[in-house]
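In what follows, a single structure is set out as structure tokens and then discussed.
Just so you know, ligand 1 is whichever comes first in the structure, and atom 1 is the first atom listed for that ligand.
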Amino acid sequence: MIETFDFQPGCMIAGKYEIVSFLGWGWEGEVYKIREKETRIERAAKFFFPQRNKKNRTVATYARKLHKLRSCPILIQYHTVETVTFRKEPVTVFISEYVEGILLRDYVRRFPGRRLPLFQAVHLLHSLADGIEAIHHLGEYHGDLHSENIIVQRLGLTFELKLLDLFHRGRTTGEHRFDDLCSLIRIFYDVLGGQKWYAKQPRAVREICCGLKRSLIRKKFRNVSGLRLFLENRDWSV
Ligand SMILES: Nc1ncnc2c1ncn2[C@@H]1O[C@H](COP(=O)(O)OP(=O)(O)O)[C@@H](O)[C@H]1O
Ligand SMILES: [Mg+2]
């Protein structure tokens, strides 16, 4: 069983790509920044542990989902799939756009008290809701929203974000979309300092978080669009 690939910078992959650096590690595999030899274009390559990608099902569903959602600006762009041999085993490599930026988890840690100021948190939530709304409109869901699957690319007038790592639990249902909505609210709650600060948060924050109770969230927001509209119409001056 492969538990790590441990590729070193300079190593060639499929005769076409050079390993630039290690980017991250997760349950499904390892992600490296790579450079296409012919064009010198940088990409991200996720090397799947074969045991997490039986019959290539995980990779095929992920690729098809990203392809279907290719017009959503919040998602990374899928490029191609390669198969390489590693210790005599075939390994699937998922190649996508390389996103420059910082993981939301690390972004939040840069702030005093490791939490975002209110206005930044509200803008972050708005950018997320706006991006997820487009995915839901196309009949899909993300399924694995948390601060290690969100890259902050740029903070301008709004947050420019990219989401990684969509999860597939079968055909989309309203419950999947509702899970995405609850995950967004959970991220908002966490970036504002979590439970420790919750009681001291302004009323508007508590109105959104609903104490993280799913039944209350369901009553408050019909869907992600409802959350986005709430953010746009709320008076944030108090
Ligand atoms: N396209 C990308 N651009 C930049 N960094 C990436 C990209 N894809 C993944 N990463 C980095 O690799 C880590 C793991 O990738 P991810 O796709 O979330 O895999 P896992 O399913 O193993 O969590 C991410 O948290 C991120 O730090
Ligand atoms: Mg991940």
Side-chain angles (χ1 to χ4, degrees), residues 1-9 11 13-14 16-36 39-54 56-82 84 86 91-110 124 127-128 131-132 135 140-155 159-169 176 179-180 183-184 186-187 190-191:
M1 198 163 84
I2 302 174
E3 270 157 7
T4 177
F5 295 103
D6 197 23
F7 293 126
Q8 298 304 311
C11 179
I13 300 298
K16 281 194 265 185
Y17 305 98
E18 184 190 337
I19 299 276
V20 177
S21 59
F22 176 75
L23 287 176
W25 181 92
W27 192 76
E28 291 177 324
E30 284 173 6
V31 184
Y32 291 82
K33 182 172 169 179
I34 57 168
R35 190 182 297 119
E36 194 173 42
T39 60
R40 308 205 48 81
I41 294 173
E42 287 175 340
R43 305 245 188 257
K46 184 165 177 174
F47 294 77
F48 277 78
F49 301 132
Q51 63 273 22
R52 303 277 184 248
N53 176 39
K54 297 219 169 92
N56 252 341
R57 271 197 213 112
T58 314
V59 166
T61 339
Y62 187 24
R64 277 201 295 265
K65 205 158 165 171
L66 278 183
H67 179 68
K68 179 177 172 190
L69 299 172
R70 63 193 177 280
S71 65
C72 295
I74 202 164
L75 290 177
I76 53 166
Q77 295 291 317
Y78 163 71
H79 282 278
T80 188
V81 159
E82 300 278 350
V84 297
F86 184 82
V91 166
T92 307
V93 193
F94 183 92
I95 297 173
S96 65
E97 167 189 8
Y98 167 67
V99 181
E100 209 135 0
I102 170 167
L103 279 184
L104 178 60
R105 179 197 66 192
D106 302 326
Y107 180 79
V108 172
R109 286 180 183 165
R110 289 177 172 182
L124 172 76
S127 293
L128 282 171
I132 296 292
I135 297 175
E140 291 291 340
Y141 59 98
H142 185 285
D144 196 19
L145 289 164
H146 56 75
S147 66
E148 283 161 53
N149 280 340
I150 301 171
I151 297 185
V152 180
Q153 273 191 293
R154 180 174 179 268
L155 173 61
F159 273 91
E160 279 171 35
L161 305 169
K162 289 282 179 197
L163 305 178
L164 311 166
D165 221 10
L166 283 82
F167 199 80
H168 198 69
R169 297 182 181 85
H176 290 136
D179 286 343
D180 276 353
S183 301
L184 290 192
R186 174 77 211 214
I187 290 167
D190 286 339
V191 298

Would [X] count as being in polar contact with ligand 1, using the rule that some N or O on each side must be under 3.5 angstrom apart?
{"X": "Asp165", "result": "yes"}
{"X": "Leu164", "result": "no"}
{"X": "Glu97", "result": "yes"}

Nearest protein heavy atom with distance in Å, relative to [atom]:
{"atom": "atom 15 (O) of ligand 1", "answer": "Val31 CG2, 3.3 Å"}
{"atom": "atom 13 (C) of ligand 1", "answer": "Gly24 CA, 3.7 Å"}
{"atom": "atom 22 (O) of ligand 1", "answer": "Gly26 CA, 2.8 Å"}
{"atom": "atom 19 (O) of ligand 1", "answer": "Lys46 NZ, 2.9 Å"}
{"atom": "atom 4 (C) of ligand 1", "answer": "Val99 O, 3.3 Å"}

Answer yes or no: is there an ion pair linking [X] with [Y], defined by an N-O contact shorter than 4.0 Å?
{"X": "Arg110", "Y": "Asp106", "answer": "no"}
{"X": "Lys46", "Y": "Asp165", "answer": "yes"}
{"X": "Arg154", "Y": "Glu160", "answer": "yes"}

Under 2.8 Å: N/O/S of Asp165 next to the Mg ion (ligand 2): yes
Spatial distance of atom CG (Leu23) from atom CD1 (Ile151) [nearest 0.5 Å]: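 Interatomic distance, Leu23 CG to Ile151 CD1, rounded to 0.5 Å: 8.0 Å.
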Just by distance, do the side chain of [X] and the backbone of [Y] share a donor-acceptor pair under 3.5 Å?
{"X": "Lys33", "Y": "Ala45", "answer": "no"}
{"X": "Tyr32", "Y": "Asp6", "answer": "yes"}
{"X": "Asp180", "Y": "Tyr141", "answer": "no"}

